[in-house]
Amino acid sequence: MLGFESIVLYILLGCFVGVAAGLLGIGGGGIIVPSLTAIFLMQGMDSENIVHVALGTSMATIVVTSISSLKAHHKKGGVLWNVVKMMTPGIIIGTFFATFLASFLSSLYLSIFFSIFMAYVSLQMFINKKPKPSRKLANPKVQFASGTLIGAISAMVSIGGGSLTVPYLVWQNVEVKKAIGTSAAVGFPIAVSGTLGYIINGWSNTDMSNLMFGFVSLPAFFFIAICSYFTAPIGVKLAHTLPVSVVKKIFSLLLISLSLKMLFSFI
């Protein structure tokens with residue numbers, strides 16, 4: 001049964017994720033996955049599937065938040081739809097089939113992969129290193145292949161792909177704002193394909209008495225998605241008043257701390 005304490009934790013997590021997304025322009029997977037893992041462990045969920053459910057639930061919330069982000073960037077003309085069209089087929093294939101790989105891995109190995117990737121993201125955020133533009137837009141075959149790889153990694157760590165897509169596009173001489181907007185648009189097919197994959201692969205885990213749909217916890221999805229959707233504008237306002245470069249460094253340390261905590265809980 002869903003307890004009051006769990007609802008409060010989901011709401012608090014959703015609010016924090018929304019503010020962080022608005023303030024730093026990042027997805028919530030880096031926060032949601034280790035946080036949900038800790039919450040599910042506290043609830044006594046079977047440790048064999050805990051990380052899988054955290055990944056699937058996180059991916060489902062990105063469906064909601066990516067729609068809001070995509071619409072905002074589209075209104076400002078910040079989405080290169082020709083690039084989105086070239087990358088999307090690869091994104092869908094890579095994301096969907098990577099969920100099959102994730103379903104075969106144990107929570108321990110998934111947490112190891114997640115922690116290593118988050119260490120990379122945290123380091124990039126801490127040093128604020130940006131790739132030097134050095135090329136023109138790649139041809140459709142390269143965009144397809146890149147989309148497949150980005151989708152696969154995104155599915156394994158349950159992110160919208162921004163930490164990979166933005167530097168990839170900037171490397172192709174795409175302006176940063178348009179790279180972010182295009183990344184937001186690419187995040188939607190990643191989220192939809194990833195969510196479907198985690199539902200299908202976790203179908204035997206479905207238990208409507210516990211509101212579990214495949215590898216997606218419906219209560220966690222609902223409260224986190226709704227709260228993050230409405231608190232993201234708060235983060236956007238804070239971005240104009242707080243020293244974002246300092247906040248990024250602090251946040252990068254939080255990300256790596258959460259990831260390590262999740263890893264050590266399975267060792």
Side-chain angles (χ1 to χ4, degrees), residues 21 24-33 55-56 58-63 65-67 69-70 73-74 78-103 105 110 113-125 129-198 201 255 259:
L24 303 172
I26 61 164
I31 307 169
I32 295 174
V33 174
L55 289 168
S58 174
M59 194 62 83
T61 65
I62 296 173
V63 174
T65 55
S66 66
I67 292 174
S69 180
L70 186 160
H73 285 290
H74 176 65
V79 179
L80 298 177
W81 287 108
N82 61 323
V83 176
V84 174
K85 290 177 182 177
M86 287 189 284
M87 293 183 69
T88 295
I91 285 287
I92 292 172
I93 292 171
T95 305
F96 184 73
F97 284 104
T99 62
F100 286 77
L101 173 60
S103 69
L105 295 175
L110 280 175
F113 184 82
F114 182 89
S115 298
I116 291 173
F117 185 79
M118 280 302 124
Y120 159 77
V121 172
S122 300
L123 180 62
Q124 291 288 94
M125 189 180 296
K129 183 179 179 181
K130 296 181 175 62
K132 293 181 179 179
S134 58
R135 297 175 182 268
K136 296 180 181 179
L137 276 175
N139 61 55
K141 290 183 179 179
V142 174
Q143 301 289 18
F144 173 85
S146 301
T148 302
L149 180 60
I150 289 171
I153 296 175
S154 298
M156 296 292 290
V157 293
S158 193
I159 58 172
S163 57
L164 298 170
T165 308
V166 173
Y168 168 67
L169 292 176
V170 170
W171 178 65
Q172 297 176 77
N173 270 315
V174 174
E175 185 208 350
V176 174
K177 289 184 179 179
K178 289 191 175 181
I180 293 172
T182 305
S183 173
V186 165
F188 180 69
I190 286 176
V192 172
S193 182
T195 301
L196 288 174
Y198 278 113
N201 281 285
L255 278 182
S259 301

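These figures come from a predicted structure and were not determined experimentally.
The distance from the NZ atom of Lys85 to the CG atom of Leu80 is 12.0 Å, given to the nearest 0.5 Å. To the nearest 0.5 angstrom, Ile32 atom CD1 is 7.0 Å from Thr65 atom OG1. The CG atom of Asn173 sits 13.0 Å away from atom NZ of Lys178, with the distance rounded to the nearest 0.5 Å. Summarising the geometry, atom OG1 belonging to Thr88 is positioned 11.0 Å from atom CZ belonging to Phe144; distances are rounded to the nearest 0.5 Å. Atom CG of Leu169 is separated from atom CD of Glu175 by 12.0 Å, given to the nearest 0.5 angstrom.
In Phe113, the CZ atom is crowded: over 12 heavy atoms of neighbouring residues, nucleotides or ligands sit closer than 6.0 Å.
Within the 4.5 Å cutoff, no side-chain heavy atoms of Ile67 are placed close to those of Leu70. Proximity of Ile62 to Ile190: side-chain heavy atoms (C-beta onward) are nowhere separated by under 4.5 Å. Counting heavy atoms from C-beta on, the side chains of Ile150 and Met87 come closer than 4.5 Å. For the pair Leu137/Met86, no side-chain contact is recorded, criterion being any heavy-atom separation below 4.5 Å from C-beta on.
Side-chain contact check for Ser58 and Ser158: at least one donor-acceptor pair (N or O, by modelled atom type) lies under 3.5 Å.
A pairwise comparison of heavy atoms in Ala185 and Val79 identifies CB-CG1, 3.7 Å as the closest pair. Between Met118 and Ser259, the shortest heavy-atom contact is CB-OG, 3.2 Å. Considering every non-hydrogen atom in both Ala102 and Leu110, the closest pair reads O-CD1, 3.7 Å. The two residues Ala152 and Ala98 make their nearest non-hydrogen contact at O-CB, 3.4 Å. Smallest separation of non-hydrogen atoms from Val157 and Val33: O-CG2, 4.1 Å. Residues Gly194 and Thr99 approach most closely at O-CG2, 3.7 Å, considering heavy atoms.
Within the structure, every pair that satisfies the side chain to side chain donor-acceptor pair (under 3.5 Å) test and touches residues 145-154, not counting sequence neighbours, is listed here: Ser146-Tyr168.
Judged by distance alone, the side chain of Thr95 and the main-chain N or O of Ile92 form no donor-acceptor pair under 3.5 Å. Between the side chain of Ser183 and the main chain of Ala179, no donor-acceptor pair closer than 3.5 Å is present.
With sequence neighbours excluded, the residues satisfying side-chain hydrogen bond (donor to acceptor under 3.5 Å, both in side chains) with Ser103 are Asn201. When the ring pair (Phe, Tyr, Trp, His ring centres under 6.0 Å) test is applied to Phe117, the partners found at least two apart in sequence or on another chain are Tyr120.
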